Amino acid sequence: MSSFISALSSSTEKSSGLAIRSHVQNGRFREALSLYISSHKSGDRSDNIVVTAAIKACAQLSNMYLGSSLHTQMYKHGYSSDVYVGTSLVGFYSRLDGIQIARKVFDEMPVRNVVSWNTILAAYLKDGFLESARKVFDEMPIRDVISWNSMVSGYAKAGDMESAIILFREMPEKNPASWNSIICGWIDCGKIAFARDLFDQMHQKSTVSWVTMISGYTRSGDVDSAKSLFDQMDERDLFSWNAMITCYAQSGQPREAIELFNQMRKLYINGHLYPDKMTFSSIISACSQLGDLRFGLWIEGFMRDLQIELDEHLRTAFIDFYAKCGSIERASELFIGSSKRDLVSYSAMILGCGMNGKASDAIHLFDKMLDDDIVPNSVTFTGLLAAYRHAGLVEEGIRCFTSMWRDHKVAPSCNHYAIMVDLFGRVGRLDEAYRLIKSMPMQPHVGAWGALLLACRLHGNVKLGEIAAHNCFKLDPKASGYYVLLANIYAEAGEWDKAKRLREVMTEKGVSTSIGFSWVEFG
DNA sequence: TATCCAGAGA
């Protein structure tokens, strides 16, 4: 009987051990640890294989408490001299506790293999100690392709492409990760053409290579090239879909992002591909760009169905979404419930308040943000200035605009200028608005001139209106709205000839006359 | 039979 029980318990030990390892292999770290804890409580003795997996899960989940208690247990059982346990502990401490402790554990290992060496090499590189890492690399008794890849990517990430390429050329053996490190390095320093050149030379591209290039094009704003690569891919994994959806969402093409998401959803319905936090983060951003509250709410329900929990990224995406859709109360709830309020979540809230005319809330949040020692950025000031504009608080707006560079070292962008022009314009201070445009250190964009034009329409100023309109025509020749505005200014001033002439110019230039016809009737 | 390298978000 007792042998039966012990056989039974050893078989459950085996199966739970197998399940724990499989959870870890598939990235289900939380499940792995809770299974480990429950099987441990029921008296299972864990072997070094299972503990290795558990330590890895602790590292991934930043569970310092359980990880270090596993370390103590392993020490007691004499397992800590095992090369697998030792190596996973080095990885664990390098992730959670920094290089010193990791190095200490590494030095105390009685046996090391190439993976142990790679782990300590990666630990130095992760913390940015390039020279110490190189020392480890040169001292290593054996190196495999991963050792070389780590060092190459370390140089590339540090921007030292020269050293990266020297090492890359010396490699006795290369795999796709080696190439990807260099490609990534070129992208990081803005040399997308170099990256593409290398990408085209690759014989065996991995999905990582494709995704790296797609996100490179995203960063350089080349949506067409990104899409062209995406279309050429034979096998698309979750990362590939996410990269392309993100590309659209970040390039101001939210409809395309959602369209692609719907295509991806068909694969989900067939049980092939499940959207994850990253997917939703981009999709929510697309929804907030469109101000599409209904679709966003549907997305929230879909996430609930998939049991996707809000992390800080997603929470901020939702704050931005609700704020931009006018649901400031819901945005505030999420913001207040957030465990760490950072620059982005504060800025999203301030922007939301600004857009929804809650000037005093925006100002209050800004003060609180400074109290929390968070340094404001360009987006923060866009929100704050928008709040002043909405409330028509000119003097406060001027003070804020002056202070952003003087006190916070944030240089005003075209958009900031455009908001100020709008603010002056709305209250009829047209000359100041015009002077502000003339004082811009950069080429004024159509937003600034457009704001002035709108103000001239509002206050019936023909002279400035003409100047503003002609700049708009130059900067955005295809848009008919500016012509309509100028025509309205003429019409209201009774200058029918000019209005008529303007319509002729539109026809000559082939500008669409299909919208805003109210003015044409005057001519 | 495990441990290490390359891809992502507001």
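Chain A is the first sequence line, chain B the second, and so forth, proteins listed ahead of strands; every chain is numbered from 1. Basis for what follows: all heavy atoms, side chains included, without hydrogens, waters or symmetry-related copies. These numbers come from a predicted model, not from an experiment.
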Report task. State, to 0.1 Å, how close T279(A) and L238(A) come at their nearest heavy-atom pair, and which atoms those are. Result -> OG1-CD1, 4.0 Å

Report task. Indicate, with a heavy-atom threshold strictly under 4.0 Å, whether S206(A) touches base, sugar-phosphate, or nothing. Result -> base

Requested in this report: Could you tell me whether the side chain of R143(A) reaches within less than 4.5 Å of the side chain of M171(A), counting heavy atoms only?
Outcome: no

Report task. Walk along DNA chain B from 5' to 3' and tell me the first and last nucleotide with an atom closer than 4.0 Å to a non-hydrogen atom of chain A. Result -> dT1(B) to dA10(B)

Query raised in the report: Would K191(A) and D197(A) pass as an ion pair if we require N to O under 4.0 Å?
Result: no

Query raised in the report: Looking for any heavy atom pair under 4.0 Å, which part of the strands does K56(A) touch: base, sugar-phosphate only, or nothing?
Result: sugar-phosphate

Query raised in the report: Hey, can you pull the residues of residues 88-112 of chain A with a non-hydrogen atom under 4.0 angstrom from DNA chain B?
Result: none

**Report entry** S68(A)-H71(A) side chain donor-acceptor pair, cut-off 3.5 Å
**Finding:** no

Query raised in the report: With the threshold set at 4.0 Å, does a side-chain nitrogen-carboxylate oxygen contact exist between E333(A) and R330(A)?
Result: yes

Query raised in the report: Looking for any heavy atom pair under 4.0 Å, which part of the strands does D47(A) touch: base, sugar-phosphate only, or nothing?
Result: nothing

Query raised in the report: So what does D276(A) hit on the nucleic acid, given a heavy-atom distance under 4.0 Å: a base, only sugar-phosphate, or nothing?
Result: base

Requested in this report: Have a look at T119(A) and say if it touches a base, only the backbone sugar-phosphate, or nothing, with a 4.0 Å heavy-atom cut-off.
Outcome: sugar-phosphate

Query - Axial cation check for F92(A) ring with K56(A), 6.0 Å and 45° limits - result: no

Requested in this report: Using a heavy-atom cut-off of under 4.0 Å over every strand shown, decide if D320(A) touches base, sugar-phosphate, or nothing.
Outcome: sugar-phosphate

Requested in this report: May I ask you to say whether E259(A) pairs ionically with R255(A), meaning some side-chain N is under 4.0 Å from a carboxylate O?
Outcome: no

Query raised in the report: If you take all heavy atoms of S178(A) and V145(A), which pair is closest and at what distance?
Result: OG-CG2, 4.2 Å

Query raised in the report: Contact class for K157(A) (heavy atom, under 4.0 Å): base, sugar-phosphate, or nothing?
Result: sugar-phosphate

**Report entry** Check: F302(A) ring centre within less than 6.0 Å of Y268(A) ring centre
**Finding:** yes

Report task. For T207(A), answer base if it contacts any base atom (sugar-phosphate contacts may also be present), sugar-phosphate if it contacts only those atoms, and nothing otherwise; contact means non-hydrogen atoms under 4.0 Å. Result -> base

Query raised in the report: Within the structure shown, what part of the strands sits under 4.0 Å from Q250(A) by heavy-atom distance: base, sugar-phosphate, or nothing?
Result: sugar-phosphate

